Q: 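Can you read through this structure? Questions will come right after.
First listed ligand is number 1; within each ligand, the first listed atom is number 1. Nothing here was measured: the structure is a model prediction, and the numbers come from that model.
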Amino acid sequence: MTAPLTGRPVISASGLFTPPESITNEELVASFNAFVDQHNAANPDAEALAYSSVEFIEKASGIKARHVMSKAAILDPDTMCPRLPERGNDEISVMAEIGVIAAREALARAGRKPEDVDAVLCAASNMQRPYPAMAIEIQQALGIEGFGFDMNVACSSATFGIQTAADYIRAGNAKSVLVVSPEITSGHLNWRDRDSHFIFGDVATAVLVEDAAIAPAQHWEILGTKLKTVFSNNIRNNFGFLNRAHPDSAGSADKLFVQEGRKVFKEVVPMVAQMILEEADRLGLDPVALRRLWLHQANAGMNRLIAQRVLGHEASEDESPTVLDTYGNTSSAGSIIAFHKHSADLGAGDTGLICSFGAGYSAGTVFVRKVA
Ligand code: CO8
C-alpha cells in the first residue's frame with residue numbers, strides 16, 4: 001500500500017545527455033579567424049573585423065570547450081551555425097530526443113516507471129517550435145499520462161521549472177513531475193560575433209521532482225524555492241514569429257543572442273548574492289554552512305564572486321564546482337549539470353543550493369538537503 005502524500009517536494013533524481021561532439025577553444029578560434037580573413041578580404045573598404053583569441057576566451061570566461069549537436073557546420077567558416085536535418089512529423093524532434101535521453105536517466109536513477117509520472121515540463125531558453133509543446137512530445141515518447149507544457153525563462157528555466165513542479169506537489173495536484181531542459185543554445189548563438197561566439201554549448205538535463213512519500217530512499221528534500229525577475233535589455237534576442245518574414249529583419253544579428261556582457265556581470269552578481277542571502281535567512285539556514293553551491297555556469301569570475309559573498313570566503317572547487325570549462329554556458333541546464341555530476345559524494349544532512357541567473361533578468365534558488 002502506498003503511503004499518503006505529504007505535500008513535501010523532493011528531488012528524487014537527475015539525468016544528463018551530453019552531445020558526443022565537442023569544440024575546443026583552439027578549433028573555435030581557428031574557424032572564427034578564417035571567417036574574419038574571408039570577410040576582410042571580401043570587404044576591403046569596410047572596417048576590418050578583429051581576430052578572436054584562445055587566451056582571451058579562457059581568461060574572460062573560464063571556458064575551454066563546449067559540446068555541440070552539429071560541430072562540422074558550426075566550424076565551417078561558410079556556415080557557422082548548426083545544420084540539423086529537418087525531420088518529418090512522424091519522427092521525434094531533436095529537442096525532444098535529447099530531452100528524453102536525460103529524462104530516462106533520471107527515471108532509471110529513481111527506479112521510477114513512466115506511468116507513475118503525472119506531468120512533464122519542458123523548461124528551456126528556446127523551443128524548437130511553438131506547438132505542439134515539446135513537453136507533450138517528450139511525455140508521449142516516454143509513455144507518460146497526465147499533462148505537459150513548455151516554459152521559457154532563459155537561463156533560469158530549470159529552476160523556475162523546479163519551483164513550478166514543487167508547487168504542484170505542495171498543492172497535491174501531482175506526485176511526480178519531470179522537469180526537462182534540452183538546451184540547444186548553438187542554434188541561437190551568433191557564431192560570427194567575436195564578443196559572444198565562445199560562450200554557449202548544447203546539452204539536456206532532467207530533474208524528477210516528487211512527493212516525499214513516493215521518493216526513493218536517497219533523495220534531496222527541497223527546503224525552499226524562490227524566483228525573481230527584473231526587466232533588462234542587457235541580454236536580448238529579438239527573434240520571433242512576427243518578424244520572421246519581415247524584409248528588414250532577414251539575417252539581422254539582433255535575431256540571435258546579444259548581450260552587454262560587462263553590464264550583466266556587474267548587475268547580476270550583487271542581485272543574486274543578495275537574493276541567496278535573503279532566502280537563506282528566510283529559511284533559517286546559515287549560508288556559511290552550505291556544503292555545496294551548484295551555481296549557474298555563465299562565467300567563472302561571476303561564480304567566484306557570488307560564492308565568496310555567500311560563503312564569506314573564496315570557494316573551493318569542492319564547494320562550488322565548475323562544469324563551465326568543458327560544457328560552456330548551457331543556459332538553464334548549467335546548474336543542473338553541476339548538481340548531477342557533483343552531488344553523489346555528499347552525506348545525509350548536507351545542505352546545498354541550486355541557483356540560476358540570466359536573461360530577463362531572472363534568478364532562481366532551490367535550497368536542498370540530502371536525505372539518506
Ligand atoms: N577575442 C579577443 N578579444 C576579445 C574577444 C574575443 N573573442 N571578445 C572581446 N574581446 C576584447 C574586447 O574587444 C575588449 O577589448 P578593448 O578592451 O580593447 O575594448 C576586451 O576584449 C574586453 O571585452 P569585454 O569587456 O566584453 O570582456 P569581459 O572581460 O567583460 O568578458 C564576457 C566578456 C565573458 C562576456 C563577460 O562579460 C561575461 O561573462 N559576462 C556575463 C555574461 C552572462 O552571464 N551572460 C548571461 C547570458 S546567458 C543567459 O541569460 C541565457 C540566455 C539564453 C541562452 C542563449 C543561448 C545562445
Q: Answer yes or no for R192 and F35: cation-pi contact, defined as NZ/CZ to six-membered ring centre under 6.0 Å and angle to ring axis within 45°.
A: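 The answer is yes, since R192 meets both limits relative to F35.
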Q: In this structure, is the centre-to-centre distance between the rings of Y327 and H67 below 6.0 Å?
A: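 Distance test on ring centres: under 6.0 Å, yes.
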Q: For R8, enumerate each residue passing the salt bridge (charged side-chain N to carboxylate O under 4.0 Å, His left out) test, keeping only those at least two apart in sequence or located in another chain.
A: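 Counting only residues at least two positions away or on another chain, R8 forms no salt bridge (charged side-chain N to carboxylate O under 4.0 Å, His left out).
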Q: Considering only N or O atoms, set out every pair between ligand 1 and the protein closer than 3.5 Å, with distances to one decimal place.
A:
| from | atom 1 | to | atom 2 | distance (Å) |
| --- | --- | --- | --- | --- |
| ligand 1 | 1 (N) | S53 | N | 3.1 |
| ligand 1 | 3 (N) | R194 | NH2 | 3.1 |
| ligand 1 | 7 (N) | S52 | OG | 2.9 |
| ligand 1 | 7 (N) | R194 | O | 2.9 |
| ligand 1 | 8 (N) | R194 | O | 3.4 |
| ligand 1 | 13 (O) | R194 | NH1 | 3.0 |
| ligand 1 | 25 (O) | R262 | NE | 2.9 |
| ligand 1 | 25 (O) | R262 | NH2 | 3.2 |
| ligand 1 | 29 (O) | R262 | NH2 | 3.0 |
| ligand 1 | 30 (O) | R262 | NE | 3.1 |
| ligand 1 | 37 (O) | G261 | O | 3.2 |
| ligand 1 | 39 (O) | N299 | ND2 | 2.7 |
| ligand 1 | 40 (N) | G261 | O | 3.0 |
| ligand 1 | 45 (N) | Q259 | OE1 | 2.8 |
| ligand 1 | 50 (O) | A359 | N | 2.6 |

Q: Provide the full list of ring-ring contact (aromatic ring centres under 6.0 Å, His included) pairs with a residue in residues 140-160, sequence neighbours left out, each pair given once.
A: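 Every pair satisfying ring-ring contact (aromatic ring centres under 6.0 Å, His included) with a residue in residues 140-160: F147-Y168.
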Q: Determine all donor-acceptor pairs shorter than 3.5 Å in which one atom belongs to a side chain in residues 365-372; sequence neighbours excluded.
A:
| from | atom 1 | to | atom 2 | distance (Å) |
| --- | --- | --- | --- | --- |
| K370 | NZ | A344 | O | 3.2 |
| K370 | NZ | L346 | O | 3.0 |

Q: Look up atom OG1 in T326 and atom CD in Q297, then write down how far apart they are to the nearest 0.5 Å.
A: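 If I round to the nearest 0.5 Å, the distance is 9.0 Å.
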